[in-house]
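Following: one structure in structure tokens, then a few remarks.
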Amino acid sequence: MDAIALNGVTKAFRDFTLDNVTLTVPEGTVCGLVGENGAGKTTAIRLLMGAIGADGGEISVLGRSPASRDFREAKQEIGIVLDEAYFPEVMTAAQVGGVMRGTYRRWDTARYTEYLRRFELPDKKPFKEYSRGMRMKLAISVALSHEAKLLVLDEATAGLDPIVRDEIIETFREFALEEGHSILISSHIVSDLEKLCDSIAFLHRGKLLFHEEKDALLDRHGIFKGTAEQADSLLPEAVVGREASAYGGVRALVRRDAVPDTLILERPTVEDVILFTVRGAKGI
Amino acid sequence: MKALMLKDFYVLKKQIWLFALVIVIFQVFNNGTATLISILYAVLLPASAFAYDDRSHWDEMELMLPYSTHQIVLSRYCVGWISMLGFLLLGSLAQSAVAFLFQYFDAPVTFFRGNSLRALLAEIPVAAGLLSFSMPVYFRFDAEKSRAVRTLLLLVLCALMGGGVALMTIRNIAFIDQLFTGGFEQSLWPEYLAAALLTAVSIPLSAWAWKRRHR
């Protein structure tokens with residue numbers, strides 16, 4: 001079963017359109033949703049959580065449509081972390097726990113307390129006195145304390161220092177290791193996604209440019225480094241995108257199946273693939 | 001729904017305690033009107049809860065959690081009603097206690113005097129009506145805008161009511177006198193009926209306003 005399935009989903013706003021997005025996240029996998037600010041990541045997440053309605057297409061999350069009346073049942077099994085922990089700032093972690101106990105049927109107070117202890121979060125301190133890292137850890141503690149099967153994370157690691165980010169990514173990895181657990185994580189910090197994800201979906205200006213298994217994506221591409229003349233000699237369809245490097249050279253992302261086997265290519269990072277894809281789309 | 005109400009009471013806890021203290025102190029200096037002020041303040045409490053929500057962007061989170069629109073809307077009304085009745089009770093208790101201490105009554109002390117009880121019963125639908133009147137505005141707009149819209153609407157309402165009262169005075173209609181001094185069965189039931197009708201309209205209107213704001 002797919003944890004998430006978007007089929008031809010469209011949502012138009014006055015100045016932005018999420019256009020015909022088709023994306024599936026199979027159960028038990030981790031999908032990274034990448035894209036620049038304003039690419040449509042948050043819109044996609046709001047759509048699949050039923051916070052806004054789609055203009056067209058079909059959405060299914062844990063087998064239920066967000067437009068259906070029983071979608072609240074599906075939400076019981078979804079842990080959500082947004083780019084900020086939007087809890088009222090006068091509340092304490094203990095009070096947040098109390099509210100969530102009344103919100104989620106399978107709320108596990110012991111597990112929540114354990115997460116608070118693990119993240120060293122004071123449970124009596126008002127939320128407004130928390131640092132950003134602490135706030136996000138509280139949001140993650142809530143998302144992981146009600147036996148969720150699916151985690152939906154919208155820029156959950158944005159603005160955090162590398163140590164906290166690493167700690168949080170590790171927590172997500174632990175979650176993903178359990179059977180049947182799936183994650184959709186949106187971020188523009190691609191290195192985080194590279195550590196965690198099985199597949200990468202790339203949204204650009206409201207369009208899904210690709211969604212592919214991470215290893216296959218990296219295997220299919222290579223980084224070419226050479227002179228401008230050498231780069232020009234490559235087939236145009238082989239070059240995804242290129243940039244001038246230092247000392248008059250050229251760095252390009254190429255499709256391995258469209259260049260000679262003898263050409264020496266470096267393995268790209270997900271960030272390379274994304275940056276060059278955007279450059280290619282812009283015709284740079 | 002209980003979770004959402006609990007959240008609101010956690011958020012408003014400090015304000016509630018502070019105002020409870022103010023009610024008690026106020027009774028000492030101005031015995032008689034504190035119940036009216038307290039329930040009117042209770043009507044404003046949901047506005048504070050909305051302001052806190054706005055500041056923390058709680059509504060963004062709320063949309064992602066397993067709450068229905070009706071739970072979200074009704075919980076706020078319940079917070080308003082509970083606060084109203086709570087403050088009413090506290091105001092009345094304080095009123096009686098102060099009256100007792102100052103030997104206000106000539107007769108043996110009872111919980112409510114006849115007149116006070118009647119005034120109190122007249123205040124409840126007024127406050128409930130005001131709450132129902134304000135809620136769709138809170139649900140539709142952010143804290144700043146809703147404050148402005150609510151004030152504007154109240155001014156219009158007051159002008160209309162003032163006009164109505166003036167008209168009744170000119171025509172010698174003893175409606176206002178009856179409202180606060182007449183028998184319950186004679187004059188208060190229309191007030192309660194009006195408040196109930198207003199509430200019955202206000203709740204679906206708030207649900208619509210909330211959906212429209214977040215669509």
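The basis for the numbers below is simple: all heavy atoms, side chains too, and nothing from hydrogens, waters or symmetry mates. Numbers restart at 1 for each chain; the letters A, B, ... are given by sequence-line order, proteins then strands. None of the values given here were measured: they were computed from a predicted structure.
When all heavy atoms of B:Lys7 and A:Pro88 are compared, the closest pair comes out as CD-CG, 3.7 Å. Between A:Phe87 and B:Ser56, the closest heavy-atom pair is O-CB, 3.6 Å. Here the shortest heavy-atom pairing between B:Glu60 and A:Leu82 reads O-CD1, 4.0 Å. Shortest non-hydrogen contact noted between B:Ala3 and A:Val99 is CB-O, 3.3 Å.
Atom CE of A:Met100 sits about 10.5 Å away from atom CG of B:Leu6, to the nearest 0.5 Å. Rounding to the nearest 0.5 Å gives a distance of 7.5 Å between NZ of A:Lys128 and CZ of B:Arg55. Rounding to the nearest 0.5 Å places CG of B:Asp59 at 9.5 Å from OH of A:Tyr86. Once rounded to the nearest 0.5 Å, the distance linking CZ of A:Arg46 with CE of B:Met64 reads 5.5 Å. With rounding to the nearest 0.5 angstrom, the OG1 atom of B:Thr69 is 9.0 Å from the CZ atom of A:Arg72. In this structure, B:Leu65 CG and A:Gln76 CD are separated by 9.5 Å, a value rounded to the nearest 0.5 Å.
Of the atoms belonging to A:Phe127, not a single heavy atom falls under 4.5 Å from chain B. Heavy-atom distances place no part of B:Glu62 under 4.5 Å from chain A, backbone and side chain included. Interface remark: B:Lys13 contributes side-chain atoms only to the contact with chain A (heavy atom separation under 4.5 Å). At a 4.5 Å heavy-atom cutoff, the contact between A:Ile80 and chain B is made by backbone and side-chain atoms alike.
Environment of CD in A:Glu129: crowded, with over 12 heavy atoms of neighbouring residues, nucleotides or ligands closer than 6.0 Å. The neighbour count for A:Lys149 NZ, taken as heavy atoms of other residues, nucleotides or ligands under 6.0 Å away, does not exceed 12. Within a 6.0 Å sphere centred on CZ of A:Arg69, other residues, nucleotides and ligands contribute 12 heavy atoms or fewer. Within a 6.0 Å sphere centred on CD of A:Glu36, heavy atoms belonging to other residues, nucleotides or ligands number more than 12.
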B:Val11 vs A:Met91, side chain to side chain contact (heavy atoms under 4.5 Å, CB included): CA-CA, chis, key distance, verdict: CA-CA 6 Å; B:Val11 165; A:Met91 284 173 73; 4.2 Å; yes
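Contact count against chain A (heavy-atom pairs under 4.5 Å) is highest for B:Tyr10 among B:Tyr52, B:Trp58, B:Tyr10, B:Tyr67.
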